[in-house]
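Written out below as C-alpha cells is the structure these notes cover.
Proteins get letters first, then strands, A, B, ... in listed order; numbering begins at 1 in each.
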2 protein chains.
Amino acid sequence: MATLGDLERAVMDLLWEHPEAITANALRDLLSQRPSGDGDGQESRPLAVTTVLTVLSRLEKKGLVERERSSRPHRYRAVTSRADHTAELMLEVLGSAPDREAVLARFIGTVSEGEAATLRKLLGRD
Amino acid sequence: MATLGDLERAVMDLLWEHPEAITANALRDLLSQRPSGDGDGQESRPLAVTTVLTVLSRLEKKGLVERERSSRPHRYRAVTSRADHTAELMLEVLGSAPDREAVLARFIGTVSEGEAATLRKLLGRD
DNA sequence: TGAAATTTCTACATTATGTAGAAGTCTAAG
DNA sequence: CTTAGACTTCTACATAATGTAGAAATTTCA
C-alpha cells in the first residue's frame with residue numbers, strides 16, 4: 001500500500017511544500033513548471049486538469065490527501081507531513097522484518113556522521 | 001524498484017531462511033506448506049513449478065536472487081541477507097527525503113526502548 | 001536413444017498508475 | 001430564474017508489474 005507512482009509523488013511533493021490547501025488547477029500549473037524528473041530538457045505537456053483530479057481522488061482514497069468540499073473549487077492538502085509519511089514508510093518496511101535489530105544495525109552503519117550525532121541527541125544517553 | 005509482490009515476497013522469505021541454495025521444486029514444496037498469509041484456513045493450491053521458476057527469474061533480473069547454473073536442477077539463493085535488503089529499502093525511502101533529520105526524529109520516536117538501547121550502543125558515545 | 005526432468009517461451013488475468021474525454025452538477029452573471 | 005462556463009465525477013484506455021501456468025525446447029540418465 002506504500003508506493004506511489006511518479007505523478008502521485010509529484011503531486012504529494014507539491015502538497016507537502018504548500019502549507020495551505022490548494023486547488024487542482026493551481027496544482028496543474030505548478031506541475032507544468034517543474035522539470036519532469038529526467039534530465040531531458042523537454043518542457044513537456046501541461047496535464048489536463050481531470051488528470052490531476054483523478055490523481056487527487058486516488059490519493060484521497062489512500063488517505064494521503066484531504067479535500068475541502070466546502071469551498072467551491074475544492075481545495076486539497078496533505079494529511080500528514082512528508083517527514084511523518086516517510087517515517088511511517090520506513091517503519092512499515094522495518095516492521096515486516098523478524099530481525100529488526102539486525103536491520104537497524106545495517107541501517108545505522110550507513111547514515112552520515114552528522115545524522116548519527118542527531119540520532120544520539122534524539123536517543124538521549126540514559 | 002523496491003516493492004515485491006506477495007509470491008515474490010514469500011519466495012524471498014524462504015530463500016532468506018535457507019543458508020544453502022535450493023531448487024525450484026524444493027521451494028514449491030515449502031511454499032505449499034506455509035499458510036498463505038490470510039487467516040483463511042484454506043489449504044490452497046500447490047503452485048506449478050513453472051510459476052516458481054518464473055518468479056525466480058524475475059527476482060534474478062531484479063538482482064535479489066542468484067542461481068547456480070552449474071548444478072543441474074539449478075539452485076537458487078538470495079544475494080543479500082534479509083537484514084541488508086530491509087536496511088537498503090529503508091535507506092531508499094529515507095534517501096528521497098529532503099528533510100532527513102526530521103524523518104529520523106519521527107522514526108526514532110517510534111522504536112521500542114530495547115531497540116533504542118541497541119541504537120545507542122551502535123552509535124557509540126563519541 | 002528416448003522418456004522423464006528441467007528450463008525457457010509465451011500467454012493470459014488482474015491490478016496500479018498515467019492520462020484524459022464525456023457527461024453531470026454547480027455557480028454566478030444577467 | 002435561466003443558462004453558459006467552471007468544476008467534478010464517470011468512464012475508458014494504455015502500459016507495466018505480478019500471479020499463474022501451458023507449450024516448447026533442452027538436458028540428463030537409464
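- Nearest-nucleotide positions on DNA chain D place A/Asn25 closer to the 5' end than the other of A/Arg58 and A/Asn25.
- Looking at heavy-atom distances under 4.0 Å, B/Ser57 makes no contact with the nucleic acid at all.
- When every heavy atom of A/Ala83 is checked against every heavy atom of B/Val103, the shortest pair comes out as CA-CG2, 3.8 Å.
- Side-chain contact between A/Leu27 and A/Leu56 is present, with heavy atoms from C-beta onward closer than 4.5 Å.
- Summarising the geometry of A/Ala21 relative to A/Glu68, their closest heavy-atom pair is CB-OE2, 3.8 Å, with the distance given to 0.1 Å.
- For A/Thr3 against C/dA16, no side-chain N or O and base N or O form a donor-acceptor pair under 3.5 Å.
- The shortest distance between the side-chain N/O atoms of B/Thr51 and the OP1/OP2 oxygens of D/dA21 is below 4.0 Å.
- Distances from the side chain of B/His74 to the nucleotides C/dT8, C/dT27, D/dG19 place C/dT8 closest.
- Residue B/Thr54 is in base contact, counting any heavy-atom pair closer than 4.0 Å across all strands shown.
- Rounded to an integer number of Å, the gap from CG of A/Leu4 to P of C/dA16 is 13 Å.
- Rounded to whole Å, the distance from CG on A/Leu53 to P on C/dT17 is 18 Å.
- Distance A/Leu56 CG to C/dA20 P: 14 Å, rounded to the nearest Å.
- Shown here is B/Asp99, whose CG atom has more than 12 heavy atoms of other residues, nucleotides or ligands within 6.0 Å.
- For B/Arg67 and C/dT8, the shortest distance from a side-chain N or O to OP1 or OP2 is below 4.0 Å.
- Looking at heavy-atom distances under 4.0 Å, B/Leu7 makes contact with sugar-phosphate atoms alone, never a base.
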